[in-house]
**Student:** 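Submitted below is the structure of interest, expressed as C-alpha cells.
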Amino acid sequence: MNNFTYHNPVKIVFGKETIKKLSTLIPKEAKVLMLYGGGSIKRNGVFDQVMAALKNYTVHEFSGIEANPEYETLMKAAELVKKEGIDFLLSVGGGSVLDGTKFVAAAVKYTEGDPWDLLDKKPKIKVKEALPIGSVLTLAATGSEMNGFSVISRRERGEKLAFGSHLLFPVFSILDPETTYTLPESQTANGVIDAFVHVMEQYLTYDVNAPLQDRQSEAVLKVLIEEGPKALGNPNDYDVRANLMWCATHALNGNISCGVPQDWATHMIGHEITAEYGLDHAQSLAVVMPVLIDNRKANKKEKFTHYARRVWHIIKDGDEAYAEGMEKTVDFFKQIGMKTKLHEYNIDKTGFENIANRLDARGIKLGEHQDIGKKEILEILNACY
Ligand code: NZQ
Ligand code: ZN
C-alpha cells in the first residue's frame, strides 16, 4: 500500500426531514447566499423547506446555475456576494450547483487576477482563501458533497476544467434521500454511472496489496448494481434512494483512494467530450470507460479479472473472465438506460482532433502509468464511436 494522508472534515447530516437542521448548522449571524439551478427545487418543495429552515436568517438568492456550471454565470454570483457582503454560501441542488458554489467561494477571495486562473494556470495556483460553504444535495452522483473538487465549464472557449482545495470542502452536507424522488430517470441513471466510474477509476489499476480498499470499492459497485435498477422502477423507494445516495458519497470522498494508484483518464476524456459535444457528464463516462479499459488491457487485465470475479461472480479465468466481465458491465450500463457508443448521440467525429489536442496541450499523459497520450486518446475516441 502507498503512503497517504487522509483528512475529510465534512459533517454529513443524512436522512428524512434533515433540511430543517440547517438552522443548527449555519452560524446565526451569517449573511447567506442560497445558490440553485434551473428551478427543480421550486417544483419539488426543497426550496420551501430551505426557506422555512432559514426564516431567521438574512438570505439572498442566486438562481440559474446550469448543469455543467458556467464561468460567466458564476462570476455574476461572485459580484452579488461582494456587493451584498455575503459571508456564507448555501448550495441547494446537484453537483453542478455545488461545484459552482465552490468556484464562487474561491473567486470572491481571489485578488490576483481573473479567478479562471485557478483552473487553467500551469503550475496550478493554490486556493489561499474561500468563503464557507454548506450543501443541501438533491442528486446522488458526484460526491462533491464530501470532497473539495469542482468542475467548471467555459463554453465560449470550449473548456471544462477541474480544480480543488481543502478549503472547498463543504462545512456540512445535508443528504435527504427524499429530495431525489423527483429526479428524471435519466438523471438517476447518470448518478449511478458517475458513482460507478468514480469507483472504477480508483480501483481498476493494479494491485498494491490493499485488500480493504479493494473490498470497499467492490461494496460500492455491488450496491450500485443492485440498487440502481430498482430506483428506476420505483423512484419513491426511500431505502433504495438512501443507499444510492450514500454510495455516491463514498465513491468520491477520498476514502477508497487511500494508498492506491488512480486513473482519471475516463473523466479527463469525458470532460472534453462534454465540452466539445455537450453530452451529460455521465453519458460521456459510460461511453469512454469500457473502451479505455480495453485500450489499456495489457495493464488492467489482472485487476479487471479480479473485479469480474468479485463483483460479477465470474468463475472463469484469463481472457474468458475479462470478456464476460466487460459484457456484464456494458449490459448493466444499458440496463439502466445509458447509451454506450458516441454515434448513438448523433454526433460526428470532427471534434475528436480538438479533444486530443486540448488534452495533449496540457503536457501530461493520462492513466495510472501516464501512458495515454494523443495517439491513444484518438484510438479511444474512435473506438467509442
Ligand atoms: O438545475 P435544476 O433545475 O436543479 O435541475 C437539475 C439539472 O438539470 C436536475 N436536478 C437536480 N436535482 C433534482 C433535479 N431534477 C429533479 N429533482 C431533483 N431532485 O438534474 C440536472 C442535472 O444536475 P447536475 O447538478 O448537473 O448533475 P450532477 O449532480 O450529476 O452534476 C454534474 C456536474 O458535476 C461535475 C460534472 O462534471 C458536472 O459538471 N462533477 C463534479 C465532481 C466533483 N465535484 O467531485 C466529480 C464528478 O466526476 C463530476 O465531474
Ligand atoms: Zn464524475
Side-chain angles (χ1 to χ4, degrees), residues 10 19 34-47 49 62-71 73-74 91-103 133 135-155 159-165 168-170 173 175-202 231 235-236 241 244-245 248-249 251-254 257 262 264-275 278-286 288-289:
V10 183
I19 293 176
M34 173 187 177
L35 300 99
Y36 57 98
S40 68
I41 63 163
K42 291 225 164 145
R43 294 187 290 277
N44 64 10
V46 171
F47 178 89
Q49 290 183 56
F62 185 88
S63 64
I65 298 181
E66 311 82 354
N68 305 307
E70 168 61 38
Y71 162 83
T73 309
L74 301 168
S91 160
V92 185
S96 291
V97 174
L98 182 48
D99 282 11
T101 302
K102 290 176 179 177
F103 178 74
I133 297 165
S135 145
V136 174
L137 190 73
T138 65
L139 198 169
T142 62
S144 188
E145 64 276 12
M146 204 174 173
N147 70 42
F149 305 123
S150 165
V151 188
I152 307 298
S153 294
R154 197 162 179 180
R155 286 165 177 77
E159 289 178 325
K160 178 170 179 174
L161 299 173
F163 78 124
S165 165
L168 297 176
F169 280 100
S173 285
L175 275 54
D176 178 347
E178 289 189 317
T179 64
T180 66
Y181 289 173
T182 53
L183 282 168
E185 279 198 1
S186 61
Q187 291 298 345
T188 298
N190 277 351
V192 172
I193 293 294
D194 195 19
F196 193 96
V197 176
H198 290 161
V199 175
M200 291 295 265
E201 298 221 80
Q202 297 161 89
N236 292 8
R241 291 296 194 178
L244 287 180
M245 207 164 199
T249 303
L252 199 53
N253 68 359
S257 64
Q262 302 178 52
W264 288 97
T266 292
H267 266 71
M268 292 299 100
I269 298 172
H271 286 167
E272 292 300 333
I273 291 176
T274 298
L279 265 64
D280 290 353
H281 174 58
Q283 290 176 333
S284 73
L285 304 177
V288 175
M289 192 199 80

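We count ligands from 1, going down the list as the structure has it; atoms in each ligand are counted the same way. This structure is a prediction, so every number in the text was calculated from the model and none was measured.
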**Student:** Looking at ligand 1, does any of its N/O atoms fall within less than 3.5 Å of an N/O of G95?
**Tutor:**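 Among all N and O atoms of G95, at least one is under 3.5 Å from an N or O of ligand 1.
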**Student:** Can you name the atoms of ligand 1, numbered from 1 with element, that are less than 4.0 Å from a heavy atom of T179?
**Tutor:**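 Close to T179: 19 (N).
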**Student:** Are any of the heavy atoms in L183 under 4.0 Å away from ligand 1?
**Tutor:** yes
**Student:** Can a non-hydrogen atom of G93 be found less than 4.0 Å from any atom of ligand 1?
**Tutor:**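 Judged by the 4.0 Å heavy-atom criterion, G93 does not count as contacting ligand 1.
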**Student:** Please write down residue, atom name and distance for the protein heavy atom closest to atom 34 (O) of ligand 1.
**Tutor:** T142 CG2, 3.3 Å
**Student:** Among N68, V92, I193, T138, which one puts a heavy atom closest to atom 12 (N) of ligand 1?
**Tutor:** T138
**Student:** Between E66, H271, H198, which one has a non-hydrogen atom sitting closest to atom 47 (C) of ligand 1?
**Tutor:**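 Looking at heavy atoms only, H198 sits closest to atom 47 (C) of ligand 1.
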**Student:** When you measure from atom 16 (C) of ligand 1 to every protein heavy atom, which one gives the shortest distance, and what is it?
**Tutor:**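 Result for atom 16 (C) of ligand 1: T182 O, 3.3 Å.
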**Student:** When you measure from the side chain of Q187 to the backbone of L139, do you find a donor-acceptor pair of N or O atoms at a distance under 3.5 Å?
**Tutor:**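 Here the side-chain-to-backbone pair does not exist.
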**Student:** In terms of atom number and element, which parts of ligand 1 are under 4.0 angstrom from non-hydrogen atoms of N44?
**Tutor:**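 Once the distances to N44 are compared, the set is 17 (N), 18 (C), 19 (N).
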**Student:** Please confirm whether the backbone N or O of V151 pairs with a side-chain atom of K160, one donor and one acceptor, at under 3.5 Å?
**Tutor:** no
**Student:** List ligand 1 atoms under 4.0 Å from S144, heavy atoms only on the residue side.
**Tutor:** 43 (C), 44 (N)
**Student:** Output, by chain and residue number, all protein N/O/S atoms separated from the Zn ion (ligand 2) by less than 2.8 Å.
**Tutor:** D194 OD1, H198 NE2, H267 NE2, H281 NE2
**Student:** Are any of the N/O atoms in T180 less than 3.5 Å from those in ligand 1?
**Tutor:** no
**Student:** Mark the output for N147 as yes if a heavy-atom distance to ligand 1 is under 4.0 Å, and as no if none is.
**Tutor:**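 Yes, N147 has heavy atoms under 4.0 Å from ligand 1.
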**Student:** Under a heavy-atom criterion of less than 4.0 Å, does P69 contact ligand 1?
**Tutor:**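 Contact check P69 vs ligand 1: positive.
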**Student:** Rounded to the nearest 0.5 Å, what separation is found between the CG atom of N68 and the NE2 atom of H271?
**Tutor:** 8.5 Å
**Student:** If you compare all heavy atoms of V288 against all heavy atoms of I269, which two are closest, and at what distance to 0.1 Å?
**Tutor:**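 Answer, listing the atom of V288 first, then I269: CG2-CG2, 4.2 Å.
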**Student:** Quick test of your reading of the structure: of I65, D99, V46, whose heavy atom lies closest to atom 35 (C) of ligand 1?
**Tutor:** D99
**Student:** For the residue pair L252 and N147, what are the closest heavy atoms and their distance?
**Tutor:** O-ND2, 3.1 Å
**Student:** Judged by modelled atom types alone, do T188 and R241 share a side-chain donor-acceptor pair under 3.5 Å?
**Tutor:**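 The answer is yes; a qualifying pair exists.
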**Student:** Atom OG in S284, atom CG in L279: separation rounded to 0.5 Å?
**Tutor:**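 Here the rounded value is 6.5 Å.
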**Student:** Going by the atom numbers of ligand 1, which of them fall below 4.0 Å from some non-hydrogen atom of A141?
**Tutor:**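 Listed by number with element: 30 (O).
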**Student:** Where is the nearest protein heavy atom to atom 2 (P) of ligand 1: which residue, which atom, and how far?
**Tutor:**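 Looking only at protein heavy atoms, the one closest to atom 2 (P) of ligand 1 is G38 N, 3.3 Å.
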**Student:** Pick, from S40, G148, G64, the option with the minimum heavy-atom distance to atom 6 (C) of ligand 1.
**Tutor:**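 It is S40 whose heavy atom sits nearest to atom 6 (C) of ligand 1.
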**Student:** Do side-chain atoms of Q202 reach the backbone of H198 as a donor and acceptor pair under 3.5 angstrom?
**Tutor:** yes
**Student:** F163 vs F103 aromatic rings, parallel, tilted or perpendicular, using cut-offs 30° and 60°?
**Tutor:**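 Perpendicular: the ring planes of F163 and F103 meet at over 60°.
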**Student:** Could you give the side-chain donor-acceptor pairs of residues 35-43 under 3.5 Å, partners two or more places apart or in another chain?
**Tutor:**
from	atom 1	to	atom 2	distance (Å)
Y36	OH	K42	NZ	3.3
Y36	OH	E61	OE1	2.6

**Student:** Out of the candidates S150, S144, S91, only one should pair with K102 under the side chain to side chain donor-acceptor pair (under 3.5 Å) rule; please name it.
**Tutor:** S144
**Student:** Starting from atom 49 (C) of ligand 1, find the nearest protein heavy-atom neighbour and note its residue, name and distance.
**Tutor:**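 That would be H281 NE2, 3.2 Å.
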**Student:** Heavy-atom contacts with L252 under 4.0 Å: which atoms of ligand 1 show up? List them by number with element.
**Tutor:**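 Answer for ligand 1: 45 (O), 46 (C).
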**Student:** Is it true that the side chains of N44 and T182 contain a donor and an acceptor less than 3.5 Å apart?
**Tutor:** yes
**Student:** Can you measure from CE (M268) to CD1 (I273) and round to the nearest 0.5 angstrom?
**Tutor:** 12.0 Å
**Student:** By number and element, which atoms of ligand 1 are closer than 4.0 Å to a non-hydrogen atom of A67?
**Tutor:** 26 (O)
**Student:** Among D176, L139, T274, L98, which one has a heavy atom closest to atom 27 (O) of ligand 1?
**Tutor:** L139
**Student:** Looking only at atom types and distance, does a side-chain atom of S173 sit under 3.5 Å from a main-chain N or O of E145, one as donor and one as acceptor?
**Tutor:** yes
**Student:** Can you name the atoms of ligand 1, numbered from 1 with element, that are less than 4.0 Å from a heavy atom of F149?
**Tutor:** 44 (N), 45 (O)
**Student:** Which option wins on minimum heavy-atom distance to atom 25 (O) of ligand 1: S284, G45, S96?
**Tutor:** S96
**Student:** Would you confirm whether N190, through its side chain, and A282, through its main-chain N or O, come within 3.5 Å as a donor-acceptor pair?
**Tutor:**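 The answer is no, because no donor-acceptor pair under 3.5 Å joins these two groups.
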**Student:** Would you say the side-chain atoms of E201 pair up with the backbone N or O of A265, donor to acceptor, closer than 3.5 Å?
**Tutor:** yes
**Student:** Apply side-chain contact (heavy atoms from CB on, under 4.5 Å) to residues T142 and L98 and explain how you reach the verdict.
**Tutor:** CA-CA 10 Å; T142 62; L98 182 48; 5.9 Å; no
**Student:** If you scan the protein for heavy atoms around atom 14 (C) of ligand 1, do you find one that is closer than 4.0 Å?
**Tutor:**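 For atom 14 (C) of ligand 1 the answer is yes, since some protein heavy atom falls inside 4.0 Å.
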**Student:** What atoms of ligand 1 come closer than 4.0 angstrom to any heavy atom of Q187?
**Tutor:** 20 (O), 21 (C), 22 (C)
**Student:** Look at ligand 1 and say whether K160 reaches it with a heavy atom at a distance under 4.0 Å.
**Tutor:**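 Per 4.0 Å heavy-atom rule, K160 contacts ligand 1.
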**Student:** Taking both backbone and side-chain atoms of G39, is any N or O found less than 3.5 Å from an N or O belonging to ligand 1?
**Tutor:**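 It does: an N or O of G39 is found under 3.5 Å from an N or O of ligand 1.
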**Student:** Could you go step by step and tell me if V97 and V92 meet the side-chain contact (heavy atoms from CB on, under 4.5 Å) rule?
**Tutor:** CA-CA 7 Å; V97 174; V92 185; 5.8 Å; no
**Student:** Donor-acceptor check, side chain of T179 to backbone of L137, threshold 3.5 angstrom: yes or no?
**Tutor:** yes
